[in-house]
Amino acid sequence: MKKITLPVASRLTSPNPLTLVCTTKPDGTANLASVSWWTYLSFNPDMIAFAMAKTSYTGERVRETRKAVLAMPAEGLEEAVAGCGSTTGRDTDKAGKFGVELASVDGTDIKIPALTRVAIVCTLKEYVETGDHYLYICTVDEALGDPTREALFAWNGYSQIRTAK
Ligand SMILES: Cc1cc2nc3c(=O)[nH]c(=O)nc-3n(C[C@H](O)[C@H](O)[C@H](O)COP(=O)(O)O)c2cc1C
């Protein structure tokens, strides 16, 4: 083995998990941001966490509203995931721009993509500064799933979005 950087390590551990962190903007519309750095934290109580760059609009909205839905995108959303990961909700209606059909979920006003395999509705408990990111630690209000939909993963870092098959 030879010494590598952490970004190279993150490419070698592909495929990486993938979610769209859904939040609401002040006008009530949804913002969607692609996030690989999320994890389960606890099953008792149910808790998850995700890390977002300090500059992200999503982070700003989560700190303001304390609410988010992690929507694990299903097959069919490959291009939208790439788009939602390269534009900011500060100046873009991502669902409109990338043609994402939105749907309602129980327990929240935040809309999520209709093509979702798992949705985790959560409330921000606290956030911690971690270098150039904040780590958002959340309690889970509700989890919903549709196993008939195929999950997407991020391959070779963020460069490819596809199923694990
Ligand atoms: C596949 C993929 C995974 C990503 N994972 C993360 C991540 O884990 N954390 C992060 O801060 N940004 C991640 N990004 C980049 C954000 O999605 C990107 O900065 C986005 O513009 C943020 O949008 P916002 O400003 O509307 O929040 C990822 C992008 C892609 C394409």
Side-chain angles (χ1 to χ4, degrees), residues 3-26 29-74 77-78 80-92 94-95 98 100 105-113 116-145 151-161 164:
K3 271 196 177 185
I4 53 173
T5 63
L6 201 56
V8 170
S10 80
R11 285 201 291 281
L12 292 182
T13 55
S14 295
N16 293 318
L18 190 55
T19 189
L20 287 167
V21 178
C22 308
T23 50
T24 42
K25 297 191 193 190
T29 61
N31 187 47
L32 318 172
S34 308
V35 166
S36 275
W37 294 6
W38 81 272
T39 183
Y40 297 101
L41 288 181
S42 164
F43 287 158
N44 184 23
D46 289 342
M47 294 182 72
I48 56 96
F50 57 94
M52 289 217 70
K54 286 177 173 171
T55 50
S56 78
Y57 182 57
T58 297
E60 199 178 305
R61 296 310 301 150
V62 173
R63 296 194 300 276
E64 165 84 22
T65 65
R66 305 197 78 80
K67 293 284 181 188
V69 182
L70 269 58
M72 316 314 160
L77 281 185
E78 292 84 344
V81 168
C84 290
S86 57
T87 51
T88 177
R90 272 196 191 89
D91 56 22
T92 308
K94 299 192 203 184
F98 302 113
V100 180
V105 234
D106 285 347
T108 178
D109 291 339
I110 302 174
K111 295 264 198 321
I112 68 164
T116 291
R117 180 172 158 97
V118 168
I120 300 177
V121 182
C122 54
T123 300
L124 179 66
K125 182 167 185 275
E126 59 185 300
Y127 65 98
V128 180
E129 190 177 1
T130 49
D132 50 10
H133 284 53
Y134 288 124
L135 179 68
Y136 296 91
I137 299 171
C138 303
T139 52
V140 173
D141 303 328
E142 193 128 44
L144 303 121
L152 295 178
F153 294 86
W155 291 78
N156 194 23
Y158 298 167
S159 66
Q160 250 197 346
I161 315 298

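Computed over heavy atoms, backbone and side chain alike; hydrogens, waters and symmetry mates excluded.
Within a 6.0 Å sphere centred on CG of Asp109, heavy atoms belonging to other residues, nucleotides or ligands number 12 at most. Enclosure of atom NZ in Lys54 by more than 12 non-hydrogen atoms of other residues, nucleotides or ligands within 6.0 angstrom is indicated.
Residues forming a side-chain hydrogen bond (donor to acceptor under 3.5 Å, both in side chains) with Glu126 (at least two apart in sequence, or on another chain): none. Listed by chain and residue number, Arg162 satisfy the side-chain hydrogen bond (donor to acceptor under 3.5 Å, both in side chains) test with Gln160 (two or more places apart in sequence, or in another chain). Applying the ring pair (Phe, Tyr, Trp, His ring centres under 6.0 Å) test to Trp155 and every residue at least two apart in sequence or in another chain returns nothing. For the side-chain hydrogen bond (donor to acceptor under 3.5 Å, both in side chains) test, no residue two or more places apart in sequence or in another chain qualifies with Thr5.
Nearest heavy-atom pair across Pro113 and Leu77 is CB-CD1, 3.7 Å. Contact between Lys125 and Arg66 at its shortest, heavy atoms only, is O-NH2, 3.3 Å. Across all their heavy atoms, Asn16 and Ser36 have their closest contact at CB-OG, 4.2 Å. Across all their heavy atoms, Ile120 and Met72 have their closest contact at CD1-CE, 3.7 Å. Scanning all heavy atoms of the two residues, the minimum distance from Val69 to Ala119 falls at CG1-CB, 4.2 Å. Taking each heavy atom of Ala33 and Thr58 in turn, the nearest pair found is CB-OG1, 3.2 Å.
To the nearest 0.5 Å, atom SG of residue Cys122 and atom CG of residue Asp46 are 11.0 Å apart. Taken from CZ in Arg63 to CG in Leu124, the straight-line distance is 9.5 Å, to the nearest 0.5 Å. The OG1 atom of Thr55 sits 10.0 Å away from the CD atom of Glu60 when rounded to the nearest 0.5 Å. Taking CG of Asn156 as the reference point, atom OH of Tyr158 lies at 12.5 Å (rounded to 0.5 Å). Rounding to the nearest 0.5 Å places OG1 of Thr87 at 4.0 Å from CZ of Phe98. Distance check: Leu70 CG to Ile110 CD1 gives 10.0 Å after rounding to the nearest 0.5 Å.
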query: Taking it one step at a time, do Asn31 and Arg61 satisfy side chain to side chain contact (heavy atoms under 4.5 Å, CB included)?
result: CA-CA 9 Å; Asn31 187 47; Arg61 296 310 301 150; 5.6 Å; no
- request: Show your reasoning for whether side chain to side chain contact (heavy atoms under 4.5 Å, CB included) applies to Ile4 and Leu12.
  value: CA-CA 10 Å; Ile4 53 173; Leu12 292 182; 3.8 Å; yes
- prompt: Lys67 and Thr123: side chain to side chain contact (heavy atoms under 4.5 Å, CB included), yes or no, with the steps?
  reply: CA-CA 5 Å; Lys67 293 284 181 188; Thr123 300; 2.6 Å; yes
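Residues Glu78 and Leu152 meet the side-chain proximity criterion, which asks for heavy atoms closer than 4.5 Å.
A donor-acceptor contact shorter than 3.5 Å links the side chain of Ser86 to the backbone of Ala82. When atom types are taken as modelled, the side chain of Ser14 and the backbone of Gly157 share a donor-acceptor pair closer than 3.5 angstrom. At distances below 3.5 Å, at least one donor-acceptor pair connects side-chain atoms of Lys25 with backbone N or O atoms of Gly89. Thr116 places no side-chain N or O within donor-acceptor distance of the main-chain N or O of Val118, the cut-off being under 3.5 Å. The backbone N or O of Ala30 sits nowhere less than 3.5 Å from a side-chain atom of Lys111 that would complete a donor-acceptor pair.
Within the structure, ring pair (Phe, Tyr, Trp, His ring centres under 6.0 Å) contacts touching residues 44-72 (residues at least two apart or in different chains) are Phe50-Tyr136.
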Just distance, no hydrogens or angles: give the donor-acceptor pairs under 3.5 Å from side chains in residues 17-24, sequence neighbours left out.
{"unit_1": "Thr19", "atom_1": "OG1", "unit_2": "Ala71", "atom_2": "N", "d": "3.3"}
{"unit_1": "Thr19", "atom_1": "OG1", "unit_2": "Ala71", "atom_2": "O", "d": "3.3"}

